[in-house]
Amino acid sequence: MYILGVETSCDETAAAVIKMDEKTKRLFVLSNVVASQIDIHKKYGGVIPEVAAREHVISIIPVIDQAIKEAKITSKKLNYIAVTKGPGLITSLMSGMETVRSLSYAWKKPAIEVNHIAGHIYANFINLAREVKFPAVILTVSGGHTNLVLMKKSHTLTIIGETLDDAAGEAYDKAAKMMGLGYPGGPIISEMATKFSKNSKNIKNYIEIKLPRPMINDGSYNFSFSGLKTALLYTLQKDKNWKKRIPEYCYYYQEAIIDVLTKKTIKAAKKYKAASVMLSGGVSANKELRLRLKKMVEKEMPKVDLFVPKLSYTTDNAAMIAAAGAFKALKDRTKDYSKLKTDPNWKL
Ligand code: KG4
Ligand code: ZN
């Protein structure tokens with residue numbers, strides 16, 4: 001089957017076409033187009049919802065058109081159109097949803113509503129060379145959410161832990177803003193941290209910056225990052241030389257985030273006797289997080305299979321929405337165009 005995916009939950013206007021082999025459930029990406037608004041929002045230090053929605057309205061049809069052309073098919077060949085229903089910014093979501101409503105009506109193709117977080121998770125199922133064994137425990141981390149999810153079969157997702165305040169990506173973004181590093185913060189902080197760790201052997205008299213690891217040893221699978229962010233703020237305020245030590249601050253801050261994320265993921269994987277562990281969401285682009293999780297899985301659960309998505313499917317894209325839509329299509333969970341509705345707070 002052929003599925004067109006459409007994603008507009010935040011600041012990327014994205015469309016993709018994927019093909020699913022229904023027997024093997026293997027997914028092949030035929031096109032994956034993303035029109036990023038990052039350069040527009042950079043000057044404000046974050047996403048401005050109204051600006052984002054206006055940009056989506058301008059870009060959405062050209063982006064869909066390009067996705068279909070690059071896939072070398074026509075709209076007639078499509079079996080379904082999958083679209084992000086939520087969570088996300090309401091006006092951004094609506095621009096994608098209303099476009100899909102019109103296309104679903106005009107092209108007479110059933111639509112599939114996809115949860116954005118589920119989309120990030122199914123990014124792991126694209127172009128897979130090996131079978132996923134269940135149960136799987138997934139750490140899904142982005143600018144809008146941080147969750148530990150249990151996947152008992154290929155279509156059942158249950159949240160077992162979540163952030164009680166800021167998301168992991170938000171923690172990166174807010175810290176970067178605090179230090180005047182720009183938006184989005186994740187890639188910048190990660191780059192600075194690598195710079196510090198590469199040079200640290202040559203730095204004389206450097207003092208470790210001690211930052212908390214909130215909730216690392218509590219009994220739950222939940223997270224909290226706002227205390228860490230505040231601790232960073234207070235530490236910066238006490239240090240007259242912080243501007244000269246930015247890579248060092250980035251390194252210790254990132255260490256605190258990764259320590260908590262990896263430790264809780266392994267704990268959940270052990271508790272739920274996971275056969276697979278997966279990483280997903282924008283923060284899963286982080287090299288150090290990937291490396292540390294890999295090392296921990298190899299050391300503590302050597303029989304567990306670790307999956308990480310290809311870099312192009314980590315931050316927001318529509319291939320992941322089409323992928324999640326394909327699994328819903330297998331279960332016949334489609335919607336008539338008249339019943340489509342966004343839900344900015346939609347839970348998994
Ligand atoms: O999944 P995504 O594109 O959008 C949401 O669903 O929120 O994730 C964006 C988030 C941002 O907070 C960004 O700072 C973070 O992912 N991010 C990273 C990296 N690349 C993007 N965080 C850490 N390291 C990275 N390399
Ligand atoms: Zn996302």
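Order of appearance sets the numbers: ligands from 1, and atoms from 1 within every ligand. Note that this is a predicted model, so its numbers are computed, not measured.
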Item to complete: Could you tell me whether the side chains of S9 and H116 share a donor-acceptor contact shorter than 3.5 Å?
Response: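 Yes - a donor-acceptor pair under 3.5 Å links their side chains.
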
Practice prompt. Using distance alone, with no hydrogens and no angle criterion, decide if S224 and D165 have a side-chain donor and acceptor under 3.5 Å apart.
Written response: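 Distance-only check passes for S224 and D165.
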
Worksheet item: Can we say K264 and D218 salt-bridge, meaning some charged N sits less than 4.0 Å from an Asp/Glu carboxylate O?
Response: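 The answer is yes: the pair qualifies as a salt bridge.
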
Worksheet entry | Salt-bridge criterion met for K295 and E298 (N-O under 4.0 Å) |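 Judged by the 4.0 Å cut-off on N to carboxylate O distance, K295 and E298 do not form a salt bridge.
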
Item to complete: State, with a plain yes or no, whether a side-chain heavy atom of D11 is found less than 4.5 Å away from one of Y183.
Response: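 In contact.
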
Fill in: Y221 side chain near V137 side chain, heavy-atom distance below 4.5 Å
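SC-SC contact between Y221 and V137 ruled out.
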
Worksheet entry | V83 with L93, same ILVMFWY side-chain cluster at under 4.5 Å |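 In one cluster: no.
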
Worksheet item: When H120 is tested against each of D316, T315, T314 for side chain to side chain donor-acceptor pair (under 3.5 Å), which residue passes?
Response: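 Output: one option passes, namely D316.
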
Discussion item. Could you check whether atom CD of E131 has more than 12 heavy atoms from other residues, nucleotides or ligands sitting under 6.0 Å from it?
Written reply: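 For E131, atom CD is not crowded (no more than 12 foreign heavy atoms under 6.0 Å).
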
Worksheet entry | Neighbour count >12 (heavy atoms, 6.0 Å) for atom CZ, F28 |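 More than 12 heavy atoms, drawn from other residues, nucleotides or ligands, come within 6.0 Å of this atom.
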
With only distance considered, is [X] within less than 3.5 Å of ligand 1 through an N or O on each side?
X    : value
Y172 : no
P184 : no
H116 : yes

Worksheet item: Are any N, O or S atoms from H120 nearer to the Zn ion (ligand 2) than 2.8 Å?
Response: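 So H120 does bind the Zn ion (ligand 2) by this criterion.
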
Discussion item. Report whether any nitrogen, oxygen or sulfur of H116 sits less than 2.8 Å from the Zn ion (ligand 2) (N, O or S, backbone or side chain).
Written reply: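 So H116 counts as coordinating the Zn ion (ligand 2), yes.
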
Worksheet item: Among the heavy atoms of H120, does any lie under 4.0 Å from an atom of ligand 1?
Response: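 Yes; H120 lies near enough to ligand 1 that a heavy-atom distance drops under 4.0 Å.
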
Worksheet item: Going by heavy atoms, is C10 under 4.0 Å from ligand 1?
Response: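 Heavy atoms of C10 never come under 4.0 Å of ligand 1.
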
Could you find the nearest protein heavy atom to [atom] and give me its residue, atom name and distance?
atom                    : answer
atom 22 (N) of ligand 1 : G186 CA, 3.3 Å
atom 10 (C) of ligand 1 : G143 N, 3.4 Å
atom 3 (O) of ligand 1  : D316 N, 3.0 Å
atom 12 (O) of ligand 1 : D173 OD2, 2.7 Å
atom 5 (C) of ligand 1  : S142 OG, 3.3 Å
atom 24 (N) of ligand 1 : N286 ND2, 3.0 Å
atom 17 (N) of ligand 1 : G282 O, 3.5 Å

Discussion item. Of all the N, O or S atoms in D316, which has the shortest distance to the Zn ion (ligand 2)?
Written reply: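 This turns out to be OD1.
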
Worksheet item: Which of the atoms of ligand 1 are close to G169, meaning less than 4.0 Å from one of its heavy atoms?
Response: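 In order of number, 12 (O).
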
